[in-house]
Amino acid sequence: MWGIGLCIFLSALDQTIVVPSVPAMAADLSGFGQLAWIVSVYLLTSTAATPILGKLSDLYGRRATMLTSIAIFTAASVLCAFSATLPEMVLSRGLQGIGGAGLIAMAHATMADVASPRERGRYQVYLSGTWGAASIVGPTLGGYLTDHLSWRAIFWINLPLGLLAFALTLQTLAILPRRARDSAPIDLPGAVLLVTAVSAGLLLLGWGGNEYGWTSLMILSLGTVATIALLLLTIVERARPDPLLPGRLFVNPVVRSGFALSFCNAVCMMGTTFLLPLYFQFLRGADASSSGIRLMPFLFAFVVLSYVGGRLARRLGRTKWLMAVASAVTGIGLVLMATTDETTSVLVSTAYISVVGGGIGLIQPCITMTVQNAVEIRDLGIATSGTLLFRMIGGAFGATLVGTMVVTMFNAGMERLGVSSGATLATIRAAREHLGGAAASSPAAIEQVLDISFHFAFLGCAAAAGIGLLIALAAKDPVLRTTVHSTADDGETR
C-alpha cells in the first residue's frame with residue numbers, strides 16, 4: 001500500500017502543483033500565448049493513454065507496466081525541469097501525462113490483484129486520502145517553491161519520489177503471480193483510433209466556447225474527427241481477436257452501469273471543483289488563497305465518505321443502494337448550493353459543499369469495486385482503466401459544461417438588462433465591474449445576473465447526479481466476491 005499510495009501521490013500532486021507555477025513558466029519560456037497547454041497537454045495524453053496501459057498490464061503484467069510508467073514519469077519530470085522553450089515543456093508534459101496515467105491505473109488495478117472486492121473497500125481510503133492530500137498540498141507547495149526557489153523545483157522533487165516508488169514497486173510487487181505473455185499483439189489500430197477519438201473530443205471540450213466558437217470550423221472539424229474515429233473503432237474492435245476494448249465489457253450490464261456512473265460522478269466532481277473557487281471569488285469576495293481554504297471542507301468530506309463507503313460496501317457485500325444514496329445526496333447538495341445568495345452564511349455554504357463532497361466520495365470507491373468485481377481476471381486492467389477513462393472524460397465534460405453555462409447565462413442576463421457584454425469566463429469579473437458603472441441598471445442587478453448564472457451551473461451538475469441516481473437504481477446488484485479472482489462474468493459469488 002505504501003508503494004501504491006506513493007504512485008497515486010506522484011500523479012495527483014503533479015496535476016495540482018503546476019497550476020500556480022504556470023505564469024512563471026510562461027514568463028521564462030516566452031510562451032504566454034499558449035500557456036494553457038502546459039496544463040491541458042497532461043490531461044490529454046494521460047486520458048488517451050489510460051486504456052492502452054490498462055490493456056498492456058493485462059497482457060504483460062501489472063508490475064512491469066507500473067515500473068515502466070514510473071520510469072517514464074520520472075524521466076519526463078527531469079525533461080520538464082530542463083526545458084528551455086515552451087514546445088520542449090509541452091512535449092515533456094505530454095510524456096509525463098503518459099507516465100502519470102500508468103501510475104493511477106496500475107495503482108487501482110494492482111490493489112484488485114491483491115485484495116478481494118469485498119475487502120477492497122478497506123484500502124480505498126488510502127487512495128482517496130492520498131489523492132485528497134495531494135490536491136490540498138499541491139497548489140500551496142507549487143506556489144511556495146516558485147516564489148522561493150524556482151518553478152523548475154516542482155519537477156525536481158519528482159526525482160527522489162519517483163526513485164523511491166520504483167524501488168518499492170520493484171521489491172513489493174514481486175509477490176504478484178507472473179503472467180504468461182499473451183500470444184496476441186497489442187491492438188495498434190484500435191489504440192490509434194482510440195487516441196484520435198479521445199484527443200479530438202478533449203480538444204473540442206477544451207477549446208469550444210473559449211478558443212473557438214461552438215460553430216467554428218475548428219470545433220466542427222474536431223467533432224467530425226472524433227465521431228468518425230469512434231465509428232471506425234467500433235468496426236475495427238469487432239474484427240480483432242484480442243481488441244483493446246473488448247466488446248464483452250460493454251455487453252456486461254454491471255460494467256456498463258459502472259462506466260456510466262463513473263462519467264456522471266466525474267461531471268459532478270470536476271464541475272463542482274471548477275465552480276466553487278470562482279463562486280467564492282466572483283460572488284463572495286474571496287481572494288485566491290481563501291477560496292482554496294474554503295474548498296477544503298469539500299475535499300475533507302470526500303476523503304472521509306470514501307472511507308465510509310468502502311467500509312459499508314465491505315459490511316453489506318453489495319454496492320447498488322450505496323451508489324443510489326450517494327447520487328441522491330450529491331444531487332441534494334448541489335440543489336442546496338443553487339439556493340445560496342449573498343445572505344447565506346459561510347457556515348451554511350460550507351455545510352452544503354460538504355454534503356456534495358461527501359456524496360461524491362461515498363460513490364467513488366463503490367464504482368471501482370463493482371466494475372472490478374464483475375470482470376474476469378484477463379480484463380481486470382482494461383476494466384479498471386475504462387472506469388478511469390470515463391472518469392477523466394466526465395471531468396473534462398463537467399468543467400466545460402459549468403464554464404459554458406456560467407458564461408452563457410451571464411451574457412444572456414446582461415442582454416436582458418440592455419447591455420451587450422461578450423464576457424468570457426476569464427474576463428467575467430472585470431466585465432461585471434466595468435458594466436456596473438456603465439450600464440443604466442444598478443450594480444445589484446448585475447450581481448443578481450451572475451448569481452443566477454452560478455445557480456444554473458450548480459443545477460447542471462445536479463442533473464448529472466440525477467442521471468447517476470437513475471442509472472444506480474436500474475443497475476444490477478451483484479454480491480462482492482470474497483476471493484481475489486473469479487471467472488464469473490456476472491460478479492456473483494459461486
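Each residue takes its place number in the sequence, starting with 1. All of these numbers come straight from a predicted model, not from anything done at the bench.
In this structure a side-chain-to-backbone donor-acceptor pair under 3.5 Å is missing from T368 to P365. No side-chain donor-acceptor contact under 3.5 Å links T169 to the backbone of F166. Between the side chain of T50 and the backbone N or O of S385 there is no donor-acceptor pair closer than 3.5 Å. Under a 3.5 Å cut-off, the side chain of S262 and the backbone N or O of G258 do not form any donor-acceptor pair.
When all heavy atoms are compared, the tightest approach of G97 to T45 is CA-OG1, 3.4 Å. For L362 against G309, the heavy-atom pair with the smallest separation is CD1-CA, 3.5 Å. Taking each heavy atom of L334 and C268 in turn, the nearest pair found is CD1-SG, 4.2 Å. Taking each heavy atom of V479 and N373 in turn, the nearest pair found is O-ND2, 3.2 Å. Nearest heavy atom pair, residue I382 against residue P51, reads CD1-O, 3.2 Å. Between G359 and V329 the shortest heavy-atom distance is CA-CG1, 4.0 Å.
The shortest distance between side-chain heavy atoms of M269 and R391 does not fall below 4.5 Å. F155 has its side chain out of reach of V78: every pair of non-hydrogen atoms, C-beta onward, lies at least 4.5 Å apart. V325 is not listed as a side-chain neighbour of L322, based on a closest heavy-atom distance of 4.5 Å or more. Contact of the L159 side chain with the T74 side chain is registered, since non-hydrogen atoms from C-beta on lie closer than 4.5 Å. Between Y42 and S11 the shortest side-chain heavy-atom distance falls below 4.5 Å. Taking 4.5 Å as the limit, some side-chain heavy atom of L388 sits within range of a side-chain heavy atom of I104. Counting only heavy atoms from C-beta outward, the side chains of L276 and F298 approach each other to under 4.5 Å. Inter-residue side-chain proximity for W151 and L145 is flagged as unmet; no heavy-atom pair is nearer than 4.5 Å.
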Inset, instruction - Please test L161 against L6 for side-chain contact (heavy atoms from CB on, under 4.5 Å), starting from the C-alpha separation and ending with a verdict. - result: CA-CA 8 Å; L161 292 176; L6 185 56; 4.1 Å; yes
Legend entry - Steps toward side-chain contact (heavy atoms from CB on, under 4.5 Å) verdict (V195, I52): CA-CA 9 Å; V195 169; I52 297 173; 3.6 Å; yes
Inset, instruction - Would you sort out whether M66 and C7 count as a side-chain contact (heavy atoms from CB on, under 4.5 Å), showing the intermediate values? - result: CA-CA 9 Å; M66 176 76 93; C7 289; 3.7 Å; yes
Legend entry - Audit row: N158, Q96, side-chain contact (heavy atoms from CB on, under 4.5 Å) steps and yes/no: CA-CA 11 Å; N158 289 335; Q96 196 179 36; 3.6 Å; yes
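Between F458 and Y279, the ring planes are perpendicular. Angles over 60° get that label, and only those under 30° would be called parallel.
In this structure, CG on D477 lies 7.5 Å from CE on M323, to the nearest 0.5 angstrom. Taken to the nearest 0.5 Å, the CG atom of L56 stands 9.0 Å off from the OG1 atom of T68. Interatomic distance, CD1 of I353 versus CG of L299, reported as 8.5 Å (0.5 Å rounding). Taking CE from M89 and CZ from R152, the interatomic distance works out to 6.5 Å, rounded to the nearest 0.5 Å. In this structure, I360 CD1 and I363 CD1 are separated by 9.5 Å, a value rounded to the nearest 0.5 Å. With rounding to the nearest 0.5 Å, the separation of CG in N252 from NZ in K476 is 7.5 Å.
Around CZ of F82, the count of heavy atoms belonging to other residues, nucleotides or ligands within 6.0 Å does not exceed 12.
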